[in-house]
Amino acid sequence: ISGINGKMGSYVKKYLEDKYDIVDDGDILIDFTRADYCVDVIKEALKNKKKVISGTTNINPNDLYEIKKYSIENESSFIWVSNFSKGAASLFSILDDLSPHFDKIKIIEAHNKSKIDKPSGTAKEYAKKLADCSVFSIRNDDTTATHEIIFENKGEILTIKHEILSKEAFMNGIMISIELLTKIDY
């Protein structure tokens, strides 16, 4: 686990300890670090035929493209997801259907003030799907991770709000990713 001493990395380690052997030279690298750090670590793992799951957000799109290309060239597997929760996955899947029907769209994302990236990587990914929208970021002491998307037309507002109440919400997507990678030969 790259980023094992961080908030998410340490949570993932604790969650997975009962299910898997967490070793320094395992088959799968799980990355929860920083965008300015992860690219070299991921490429090194792929070069050594490790399968990689990354939840690091705000990776430069060119770097992400290079990692994907590097994965193919080295015949290794790479999964990158900005948010592993079921709620985020569900929201991503409906944005394309909703956005053409509204004149104005905004995203309000709130996180604890210790959150490094602003706006969050998840908010940026939502914004990419929505193309023309405004993103507002809030950082407070006691805020739960929240993404609220507000769709507006004259005379109506549709609001969708997703809150992460604990890191356990991310584990379903991480477990699916691990299972998927264990079934892939390449």
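Excluded from the calculations below are hydrogen atoms, water molecules and symmetry mates; all remaining heavy atoms, backbone and side chain alike, are included.
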Practice prompt. Using the test side chain to side chain donor-acceptor pair (under 3.5 Å), find all partners of Asn172 that sit at least two apart in sequence or belong to another chain.
Written response: none

Smallest separation among heavy atoms of [X] and [Y], with atom names:
X      : Y      : result
Lys47  : Asn74  : CA-OD1, 3.8 Å
Asn58  : Ala35  : O-CB, 3.2 Å
Pro100 : Asp97  : CD-O, 3.6 Å
Thr33  : Cys38  : OG1-CB, 3.2 Å
Ser77  : Ile184 : OG-CG2, 3.5 Å
Ala127 : Ile107 : N-CD1, 3.7 Å

Not counting sequence neighbours, which residues clear salt bridge (Lys or Arg N to Asp or Glu O under 4.0 Å) with [X]? List them please.
X      : value
Asp142 : none
Glu168 : none
Asp117 : Lys115
Lys124 : none

Return the [atom1] to [atom2] distance between [X] and [Y], rounded to the nearest 0.5 Å.
X      : Y      : atom1 : atom2 : result
Ile138 : Ile108 : CD1   : CD1   : 6.0 Å
Leu91  : Leu95  : CG    : CG    : 4.5 Å
Lys50  : Asp25  : NZ    : CG    : 3.5 Å
Asp36  : Ile116 : CG    : CD1   : 8.5 Å
Cys133 : Ile149 : SG    : CD1   : 7.5 Å
Thr56  : Arg34  : OG1   : CZ    : 9.5 Å

Give a yes or no on whether [X] atom [atom1] has more than 12 heavy-atom contacts from other residues, nucleotides or ligands under 6.0 Å away.
X      : atom1 : answer
Ile94  : CD1   : yes
Tyr37  : OH    : no
Asn140 : CG    : yes

Item to complete: Could you name each residue pair satisfying ring-ring contact (aromatic ring centres under 6.0 Å, His included) that touches residues 130-149, not counting sequence neighbours?
Response: His111-His147, Tyr126-His147

Using a 4.5 Å cut-off on heavy atoms from C-beta on, say whether the side chain of [Y] contacts that of [X].
X      : Y      : result
Ile28  : Thr182 : yes
Asn60  : Val39  : no
Val12  : Phe84  : no
Ile79  : Leu181 : yes
Asp27  : Lys49  : no
Leu130 : Phe151 : yes

Results of side-chain contact (heavy atoms from CB on, under 4.5 Å) for [X] - residues two or more places apart only:
X      : value
Ser90  : none
Glu163 : Thr144, Thr146, Lys161, Leu165
Glu152 : Lys104, Lys106, Ile150, Ile157

Worksheet item: Which pairs, with at least one residue in residues 127-141 and sequence neighbours excluded, count as a salt bridge (charged side-chain N to carboxylate O under 4.0 Å, His left out)?
Response: Asp96-Lys129, Glu109-Arg139, Lys113-Asp141, Glu125-Lys128

Item to complete: Could you give me the CA-CA distance, side-chain angles and deciding distance for Asn62 and Glu66, then say whether side chain to side chain donor-acceptor pair (under 3.5 Å) is met?
Response: CA-CA 6 Å; Asn62 292 332; Glu66 285 301 315; over 6 Å; no

Between [X] and [Y], is there shared hydrophobic-cluster membership here, with clusters defined by ILVMFWY side-chain heavy atoms closer than 4.5 Å?
X     : Y      : answer
Met8  : Leu29  : no
Val52 : Phe32  : no
Ile4  : Tyr20  : yes
Tyr70 : Tyr65  : no
Ile53 : Phe170 : yes

Practice prompt. List the steps, then state whether side-chain contact (heavy atoms from CB on, under 4.5 Å) holds for Leu98 with Ile105.
Written response: CA-CA 10 Å; Leu98 286 173; Ile105 304 169; over 6 Å; no

Worksheet item: Backbone N or O of Asp103 within a donor-acceptor pair of the Asn153 side chain at under 3.5 Å?
Response: yes

Discussion item. I'd like to know if the side chain of Ser177 reaches the main chain of Gly173, judged simply by a donor and an acceptor atom lying under 3.5 Å from each other, with no hydrogens or angles considered.
Written reply: yes

Item to complete: For residues 5-19, pull every pair meeting side chain to side chain donor-acceptor pair (under 3.5 Å), keeping only residues two or more places apart or in separate chains.
Response: Lys7-Ser114, Lys13-Glu17

Worksheet item: Which pairs, with at least one residue in residues 80-89 and sequence neighbours excluded, count as a side chain to side chain donor-acceptor pair (under 3.5 Å)?
Response: Asn83-Ser85, Asn83-Thr122

